[in-house]
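Structure first, commentary second.
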Amino acid sequence: MLLTESKTISFDDFIIWLPERSAFRYELRDGEILEMPKPRGKHSEIAGLISGKLYLETTRLDLPYLIPRESIVKSIDGKSGYKPDVIVLDRDLLAQESRWETESIIMQGSSVKLAIEVVSTNWQDDYAVKQIAYQALGIQEYWIVDYLGLGGRNFIGYPKQPTISIYYLVDGEYDLHQFRKSELIRSPTFPDLELSIDSFG
């Protein structure tokens, strides 16, 4: 649901406005506030499962990564702010993020090892809007976990089926690989991770 139809607001004003406790999630898109329900049920379960698996892999390999509960990724043009369902940050690069400690804001794509969106009814945002924004920011790896196969045919093919799409930055543009059914994903950031769309039941 669009909350600011008549005028746009700045990213900083959005951060000041953002309620601390709410039944909704908010993102900023081109200066307009969008209200979305917080993840519940299966969506929340899948995001939690992925976070857990990535945490275990990070710990096993003693990687300098962290997986925060929440963060906001500021778009390269400064007009939008996104809240990925799961985000993996490079702890060593957070010193260059001037707003991380006080506001959990990420402004440089190099700080993000991996951003993940779990698809719900607003699948267009994940496949079109966020994919373009994350690529422009230089986020190295981006997953779209479409566990119900909701995405459009031009994104996941036909017949539509549950799909994990992994975008990886090559020469400034995303290279796409898709995984269905019991196929184990291939993640450049976590090459030994054993995960498939079937992992989500």
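- Evaluation of the salt bridge (charged side-chain N to carboxylate O under 4.0 Å, His left out) rule for D125 yields R29 as partners, not counting sequence neighbours.
- Residues forming a side chain to side chain contact (heavy atoms under 4.5 Å, CB included) with P191 (at least two apart in sequence, or on another chain): none.
- Applying the side chain to side chain contact (heavy atoms under 4.5 Å, CB included) rule to E103 yields the partners I15, R99, I105; only residues at least two apart in sequence or on another chain are considered.
- Pairs of residues two or more places apart, or lying in two chains, that qualify as side-chain hydrogen bond (donor to acceptor under 3.5 Å, both in side chains) and include a residue from residues 42-53 are H43-D85.
- Remark: F11 engages no residue in a ring pair (Phe, Tyr, Trp, His ring centres under 6.0 Å) (not counting sequence neighbours).
- With side-chain heavy atoms closer than 4.5 Å counting as contact, directly or through intermediates, I132 stands alone and belongs to no larger hydrophobic cluster.
- In this structure, the salt bridge (charged side-chain N to carboxylate O under 4.0 Å, His left out) partners of E70, at least two apart in sequence or on a different chain, are K83.
- For residues 184-201, the set of pairs meeting the salt bridge (charged side-chain N to carboxylate O under 4.0 Å, His left out) definition, not counting sequence neighbours, comprises R60-D192.
- Every side chain to side chain contact (heavy atoms under 4.5 Å, CB included) that L137 has, sequence neighbours left out, goes to V73, I76, I139.
- Legend: salt bridge (charged side-chain N to carboxylate O under 4.0 Å, His left out) pairs involving residues 131-149, not counting sequence neighbours: none detected.
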For residues 154-163, please give each side-chain donor-acceptor pair under 3.5 Å, one per line with the distance, not counting sequence neighbours.
residue	atom	partner	partner atom	Å
K160	NZ	L150	O	3.4
K160	NZ	G151	O	3.2
T163	OG1	Q161	O	2.7
T163	OG1	R180	NE	3.3

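- Minimum heavy-atom separation, E57 to L63: O-CD1, 4.5 Å.
- For L66, the side chain to side chain contact (heavy atoms under 4.5 Å, CB included) partners at least two apart in sequence or on another chain are P68, L89, R91, L94, W100.
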